[in-house]
Q: 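Got a structure for you, questions after.
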Amino acid sequence: MSEPVIAPAPKDFIREIVEEHNRTGRFGGRVRTRFPPEPNGYLHIGHAKAIAIDFGLARDYGGDCNLRFDDTNPVKEETEFVDAIMDSIRWLGWDWGDRLFFASDYFQQLYEWAQDLIRKGKAYVCDLSAEQVREYRGTLTEPGRNSPWRDRSVEENLDLFARMKAGEYPDGTRTLRAKIDMAHPNFNMRDPVMYRILHAEHHRTGGEWCIYPMYDWAHGQSDSIEGVTHSLCDLGYEDHRPLYEWFCNSLGIYCPQQIEFARLNVTYMILSKRHLRRMVQDGIVRGWDDPRMPTLVGMQRRGYTPAAINDFLERVGVSKANTTVDIQLLEHCVREDLNRRAPRVMGVLRPLKVVITNWPAGEVEWVEAVNNPEDEAMGTRRIPFSGELYIERDDYREDVPKGWFRLGPGREVRLKHGYYIRCDEAVRDAQGEVIELRCTYDPESGGGTTPDGRMVKGTLHWVSASHAIDAEVRLYDLLFTKADPNDVADGEDFTANVNAQSLTVLAGCKVEPGLAEAKGGDRFQFLRQGYFCLDPDSQPGLLVFNRTVGLKDTWAKLQKK
RNA sequence: UCGGGGGUCGUUCAACGGCAGGACAGCAGCCUUUGGAGCUGCGUAUCGGGGUUCGAAUCCCUGCCCCCGAGCCA
């Protein structure tokens with residue numbers, strides 16, 4: 001697979017099963033998986049887990065993984081989503097080669113197979129309304145009743161089914177159903193609907209069809225056609241496995257092995273396409289790629305890397321237990337990755353001017369600064385030091401509490417990569433607000449120390465006033481819900497539980513001149529403040545602050561509430 | 001109530017009849033030319049009750065708890 005290189009995943013229960021199959025020769029040692037998204041939204045980190053499992057398994061066992069869009073419900077699906085999904089999978093580092101498929105490619109085959117089932121007396125056209133079907137289905141404890149249309153002749157069924165396809169009937173008036181067992185304890189086996197009538201434009205087949213296959217009637221057969229060996233899906237499909245197998249076996253076609261695993265849940269994170277779509281539709285966020293969104297495109301804009309996400313997924317592991325992972329694990333992975341690879345730069349969010357009174361007038365010294373103290377290979381950069389600088393407003397206090405090592409009246413600090421400065425005087429405006437600090441520097445403190453071995457405990461970041469570029473910094477908090485994401489209900493209550501408003505724009509920030517040459521999407525670590533990402537879609541100088549990753553204790557505080 | 005699936009530190013994943021371990025979180029300390037980093041240290045977790053066994057998280061019986069399932073969604 002393409003970079004980043006992802007190490008083989010540790011053994012999990014799925015791999016045990018695959019190895020057992022390899023030992024017994026069930027699939028002749030072959031492994032073929034598939035990732036089958038419905039193109040009705042953007043991918044989020046929950047999908048990334050399925051992707052890592054599907055593609056990772058194939059890679060580690062010398063097989064391959066197909067990308068197949070499960071596009072059997074035209075009213076929800078769009079080409080925009082198809083493209084976005086492919087982009088996100090590639091971004092994560094996976095490659096499906098030339099094995100791109102669509103369930104809609106199989107509509108004709110599925111139709112013919114349905115006719116086979118009718119001829120075998122295993123499917124029938126049912127005239128019951130949706131409501132009636134529900135009534136006939138029975139309940140958890142009571143068996144269902146047979147549809148009055150269950151025993152039509154093969155000829156009549158074939159004829160009616162052909163007319164359904166021909167568009168002779170309105171939506172919802174008839175269905176094709178599998179004839180299984182209305183008393184089966186598993187609802188999926190109580191004569192499930194195979195086709196519904198839907199006069200709708202499909203994003204790929206247009207108006208060619210007016211009957212569309214249901215998930216159960218399409219999925220297993222699609223897997224079978226593609227020669228999939230292991231069809232991995234989430235726990236929600238456990239009850240569907242008997243039907244999956246019933247269809248393949250009734251058709252007499254090759255039957256893959258369906259294996260279910262637990263989907264990913266993360267504390268505070270909304271991982272439901274239905275809810276995320278609503279966030280977008282209602283304008284609560286700016287789009288699927290809003291940095292607050294838990295979508296992969298959103299995380300990409302936040303500055304999360306594929307490597308960090310894949311690392312997270314690997315640490316989460318795979319099991320059948322229904323669990324919720326602490327969001328702090330994700331953020332640890334992102335922080336660890338970014339700390340290693342993000343170049344450091346300096347910038348001040350709320351500038352306070354510093355004038356160095358003994359600095360030679362008009363002189364500029366270009367000092368050398370390491371880009372990443374943990375990785376020499378990242379090199380150095382030259383940054384301008386001059387007689388007028390900006391420091392962080394928070395780095396100066398009149399009342400210096402115990403343990404305060406930063407600037408205060410008469411205090412001396414080190415400027416990162418620069419010199420020691422001592423604060424001589426604070427200039428105030430009419431309101432008494434400090435607007436400027438007048439300081440003196442020690443010319444002998446260039447290397448960060450002085451010949452007399454004087455110790456300063458504080459080190460501040462800064463930028464040269466005349467060289468700094470203006471930046472707008474946007475502070476985003478990850479979209480989160482205070483409620484258990486699984487309890488988030490539909491309706492008004494939902495948005496009330498979401499912190500979607502947490503976008504803060506800080507104008508007038510000053511950053512190092514070198515940032516102007518950076519490309520959108522580049523990640524930086526601002527000293528002390530955390531991680532920033534140049535917004536790929538905006539003008540240079542616009543920075544997205546990855547607040548939850550930069551501020552480690554955000555979630556910890558939340559948890560204490 | 002019927003069917004399916006789960007139950008191991010706070011969280012998550014291991015251990016597959018042989019000393020219950022890792023990661024994250026947390027706590028304590030150290031360190032630092034800012035890194036919310038790093039280093040060091042800290043652990044009474046096998047749902048309960050029986051049974052088999054020299055030995056059980058693991059096998060058997062039994063009870064309890066949790067999740068999913070009654071779309072012409074996927």
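We name chains A, B, ... by the order of the sequence lines, and we start the count at 1 in each one.
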Q: Any donor-acceptor pair under 3.5 Å linking the side-chain atoms of A:Ser445 with those of A:Arg414?
A: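 No - no donor-acceptor pair under 3.5 Å links their side chains.
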Q: Toward the 5' end of RNA chain B, which comes first, A:Pro185 or A:Arg414, by nearest nucleotide?
A: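 Taking each residue's closest nucleotide, the earlier one in sequence belongs to A:Pro185.
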Q: I need the A:Trp462 CH2 to A:Leu527 CG distance, nearest 0.5 Å.
A: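 Those atoms lie 11.0 Å apart.
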Q: What distance, rounded to whole Å, do you find between the two C1' atoms, one in B:rC9 and one in B:rG43?
A: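 Their C1' atoms lie roughly 7 Å apart.
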Q: When the distance from OH of A:Tyr237 to P of B:rC73 is rounded to whole Å, what number comes out?
A: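 That distance rounds to 13 Å.
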Q: Requiring both pairing distances under 3.5 angstrom, list the stems that contain RNA chain B and are made of three or more consecutive Watson-Crick or G-U pairs.
A: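 Stem list for RNA chain B: B:2-7 with B:64-69, B:10-13 with B:21-24, B:26-30 with B:38-42, B:47-51 with B:59-63.
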Q: How would you label the contact of A:Val456 with the nucleic acid (heavy atoms, under 4.0 Å): base, sugar-phosphate, or nothing?
A: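 Answer is nothing: A:Val456 stays at 4.0 Å or more from every strand.
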Q: Can we say A:Arg145 and A:Glu135 salt-bridge, meaning some charged N sits less than 4.0 Å from an Asp/Glu carboxylate O?
A: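 Looking at A:Arg145 and A:Glu135, the cut-off is not met.
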Q: Could you measure between the two C1' atoms, the one in B:rA25 and the one in B:rC42, and give it in whole Å?
A: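 Comparing C1' positions in B:rA25 and B:rC42 gives a spacing of 14 Å.
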Q: Is a side-chain donor-acceptor pair under 3.5 Å present for A:Asp191 with A:Tyr136?
A: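 Note: A:Tyr136 and A:Asp191 side chains miss the donor-acceptor criterion.
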Q: Please pick, from B:rC72, B:rG36, B:rU1, the nucleotide with the shortest atom-to-atom distance to any side-chain atom of A:Arg335.
A: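 So the nucleotide nearest the side chain must be B:rG36.
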Q: Distance check, C1' atoms only: B:rC61 and B:rU53, in whole angstrom units.
A: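 The same atom, C1', in both gives a distance of 16 Å.
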Q: Within the pair A:Arg196 and B:rA74, is there a side-chain N or O less than 4.0 Å away from OP1 or OP2?
A: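 Looking at the OP1 and OP2 atoms of B:rA74, one of them is under 4.0 Å from a side-chain N or O of A:Arg196.
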Q: In whole angstroms, how far is the C1' atom of B:rC73 from the CG atom of A:Asn40?
A: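 Taking atom C1' of B:rC73 as the reference, CG of A:Asn40 is at 9 Å.
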Q: By nearest atom, which of the nucleotides B:rA74, B:rA14, B:rG69 is closest to the A:Glu38 side chain?
A: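 Out of B:rA74, B:rA14, B:rG69, the nucleotide with an atom closest to A:Glu38's side chain is B:rA74.
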Q: Using the C1' atom on both, measure B:rA56 against B:rG18 and round to a whole Å.
A: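 Straight-line distance between the two C1' atoms is 10 Å.
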Q: On the nucleotide B:rC13, are OP1 or OP2 found under 4.0 Å from the side-chain N or O atoms that A:Arg315 carries?
A: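 For A:Arg315, the contact criterion (side-chain N or O under 4.0 Å from OP1 or OP2 of B:rC13) is not met.
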Q: What is the distance from OH of A:Tyr169 to P of B:rC72, rounded to the nearest Å?
A: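 In whole Å, B:rC72 P and A:Tyr169 OH are 20 Å from each other.
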Q: Determine, stepwise, if the pair A:Thr175 / A:Arg196 fulfils side chain to side chain donor-acceptor pair (under 3.5 Å).
A: CA-CA 5 Å; A:Thr175 56; A:Arg196 75 279 216 184; over 6 Å; no
Q: Please determine, for the side chain of A:Val325, which listed nucleotide (B:rU12, B:rC73, B:rA25) has the closest atom?
A: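 Given the options B:rU12, B:rC73, B:rA25, the side chain of A:Val325 is closest to B:rU12.
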Q: May I ask you to check whether A:Phe532 and A:Phe524 place their ring centres under 6.0 Å from each other?
A: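 Ring-ring flag for A:Phe524/A:Phe532: false, centres at least 6.0 Å apart.
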Q: Rounded to whole angstrom units, what separation is found between the OH atom of A:Tyr531 and the C1' atom of B:rG35?
A: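 For the pair A:Tyr531 OH and B:rG35 C1', the rounded distance is 7 Å.
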Q: What is the separation between atom CG on A:Leu43 and atom P on B:rA74, rounded to the nearest whole Å?
A: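 Going from CG in A:Leu43 over to P in B:rA74 covers 18 Å.
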Q: Pick the P atom in B:rU46 and in B:rU8, then give their distance to the nearest Å.
A: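 It works out to 10 Å between them.
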Q: Considering just the side-chain nitrogens and oxygens of A:Arg137, establish if one lies under 4.0 Å of OP1 or OP2 belonging to B:rC72.
A: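 Indeed, a polar side-chain atom of A:Arg137 lies that close.
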Q: Among B:rU1, B:rU11, B:rG35, which nucleotide sits nearest the side chain of A:Arg344?
A: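 Looking only at heavy atoms from C-beta outward on A:Arg344, the closest nucleotide is B:rG35.
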Q: If only side-chain N and O atoms of A:Ser319 are considered, is one of them under 4.0 Å from the OP1 or OP2 phosphate oxygen of B:rC13?
A: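 For A:Ser319, the contact criterion (side-chain N or O under 4.0 Å from OP1 or OP2 of B:rC13) is met.
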Q: Give me the ring orientation class for A:Tyr42 and A:Trp288: parallel if the planes are under 30° apart, tilted from 30 to 60°, perpendicular past 60°.
A: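 Ring orientation of A:Tyr42 relative to A:Trp288: parallel.
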Q: Could you run down the sub-3.5 Å N/O contacts of the protein with nucleotides 63-68 of chain B?
A:
{"residue": "B:rC67", "atom": "O2'", "partner": "A:Asn322", "partner atom": "ND2", "Å": "3.1"}

Q: With respect to the side chain of A:Gln328, which nucleotide from B:rA74, B:rG6, B:rG26 is positioned closest?
A: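 Out of B:rA74, B:rG6, B:rG26, the nucleotide with an atom closest to A:Gln328's side chain is B:rG26.
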Q: Between B:rC16 and B:rU1, how far is it from one C1' atom to the other, in whole Å?
A: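 Rounded to whole Å, the distance is 35 Å.
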Q: Is there a side-chain contact between A:Thr323 and the phosphate of B:rC13, meaning an N or O under 4.0 Å from OP1 or OP2?
A: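 For B:rC13, OP1 or OP2 has a side-chain N or O of A:Thr323 closer than 4.0 Å.
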Q: Measure from the ring center of A:Phe69 to the ring center of A:Phe81 and say whether it is less than 6.0 Å.
A: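 Here the rings of A:Phe81 and A:Phe69 have centres that are no less than 6.0 Å from each other.
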Q: Base, sugar-phosphate or nothing for A:Gln525? Non-hydrogen atoms, less than 4.0 Å.
A: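 Answer is sugar-phosphate: A:Gln525 comes under 4.0 Å of backbone atoms only.
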Q: When the distance from CZ of A:Arg277 to P of B:rC73 is rounded to whole Å, what number comes out?
A: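 A:Arg277 atom CZ is separated from B:rC73 atom P by 14 Å.
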Q: Of the nucleotides B:rG35, B:rG5, B:rA70, which one has an atom closest to the side chain of A:Glu238?
A: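 Among the listed nucleotides, the one closest to the side chain of A:Glu238 is B:rG5.
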Q: Is there a side-chain contact between A:Thr72 and the phosphate of B:rC73, meaning an N or O under 4.0 Å from OP1 or OP2?
A: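 It does not, given that no N or O in the side chain of A:Thr72 lies less than 4.0 Å from OP1 or OP2 of B:rC73.
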Q: Can you tell me the distance, in whole Å, between the CG atom of A:Leu329 and the P atom of B:rG26?
A: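 After rounding, the reported distance stands at 12 Å.
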Q: With respect to A:Arg382, which candidate in A:Glu365, A:Glu368, A:His417 satisfies the side-chain contact (heavy atoms from CB on, under 4.5 Å) definition?
A: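 So, applying the side-chain contact (heavy atoms from CB on, under 4.5 Å) to A:Arg382 and each of A:Glu365, A:Glu368, A:His417, only A:Glu368 qualifies.
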Q: Between B:rA74, B:rG69, B:rC72, spot the one nearest the side chain of A:Leu140, thanks.
A: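 It is B:rG69.
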Q: Do A:Glu226 and A:Tyr106 have side-chain atoms, one donor and one acceptor, less than 3.5 Å apart?
A: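 Note: A:Glu226 and A:Tyr106 side chains meet the donor-acceptor criterion.
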Q: Give me the atom names and distance for the closest heavy-atom approach of A:Pro192 to A:Phe247.
A: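 Looks like CG-CZ, 4.5 Å.
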Q: Quick one: do A:Glu16 and A:Arg23 make a salt bridge, cutoff under 4.0 Å?
A: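 Answer for the salt bridge query: no.
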Q: Return the value, rounded to whole Å, for the distance between atom CG of A:Asn186 and atom P of B:rC2.
A: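 Atom-to-atom, A:Asn186 to B:rC2, this comes out as 15 Å.
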Q: Kindly point out which of B:rC13, B:rG71, B:rA37 is positioned nearest to the side chain of A:Glu374?
A: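 Taking heavy atoms from C-beta onward, the closest nucleotide is B:rA37.
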Q: Enter the distance from A:Tyr244:OH to A:Asp239:CG here, rounded to the nearest 0.5 Å.
A: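 If I round to the nearest 0.5 Å, the distance is 16.0 Å.
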Q: How is A:Ala130 classified with respect to the nucleic acid when contacts are heavy atoms under 4.0 Å: base, sugar-phosphate, or nothing?
A: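 Base contact.
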Q: To the side chain of A:Arg134, which of B:rG71, B:rA74, B:rC24 is closest?
A: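 Nearest nucleotide to the side chain: B:rG71.
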Q: Does a side chain donor of either A:Gln525 or A:Tyr531 reach within less than 3.5 Å of an acceptor in the other side chain?
A: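 Yes, a side-chain donor-acceptor pair sits under 3.5 Å.
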Q: Under 4.0 Å between any heavy atoms, over every strand shown, what does A:Leu338 touch: base, sugar-phosphate, or nothing? Just pick one.
A: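 Here A:Leu338 touches no strand at all.
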Q: Give me the distances for all protein-to-nucleotides 39-41 of chain B N/O pairs that come in under 3.5 Å?
A:
none

Q: So, is B:rG71 syn or anti if syn means the angle is within 90° of 0?
A: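 Syn, since the glycosidic angle lies within 90° of 0.
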Q: Can you name the nearest heavy-atom pair linking A:Arg422 to A:Arg454, along with the distance?
A: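 That closest heavy-atom pairing would be NH2-NE, 4.4 Å.
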Q: Between B:rC47 and B:rC66, how many Å separate the two C1' atoms, rounded to a whole number?
A: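 It works out to 11 Å between them.
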Q: Using the P atom as the point on both nucleotides, what is the distance between B:rU40 and B:rA14, in whole Å?
A: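 After rounding to an integer number of Å, I get 27 Å for this pair.
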Q: Any side-chain donor paired with an acceptor under 3.5 Å for A:Glu78 and A:Asn40?
A: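 No, because no side-chain N or O of A:Glu78 sits under 3.5 Å from a partner of the opposite role on A:Asn40.
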Q: Pick base, sugar-phosphate or nothing for A:His240, based on heavy-atom distances below 4.0 Å to the nucleic acid.
A: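 The answer is base, as A:His240 lies within the cut-off (heavy atoms under 4.0 Å) of a base atom.
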Q: For A:Arg174 and for A:Asp395, locate the closest nucleotide of RNA chain B by heavy-atom distance; then report the residue assigned to the nucleotide nearer the 5' terminus.
A: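 Whichever sits nearer the 5' end wins; that is A:Asp395.
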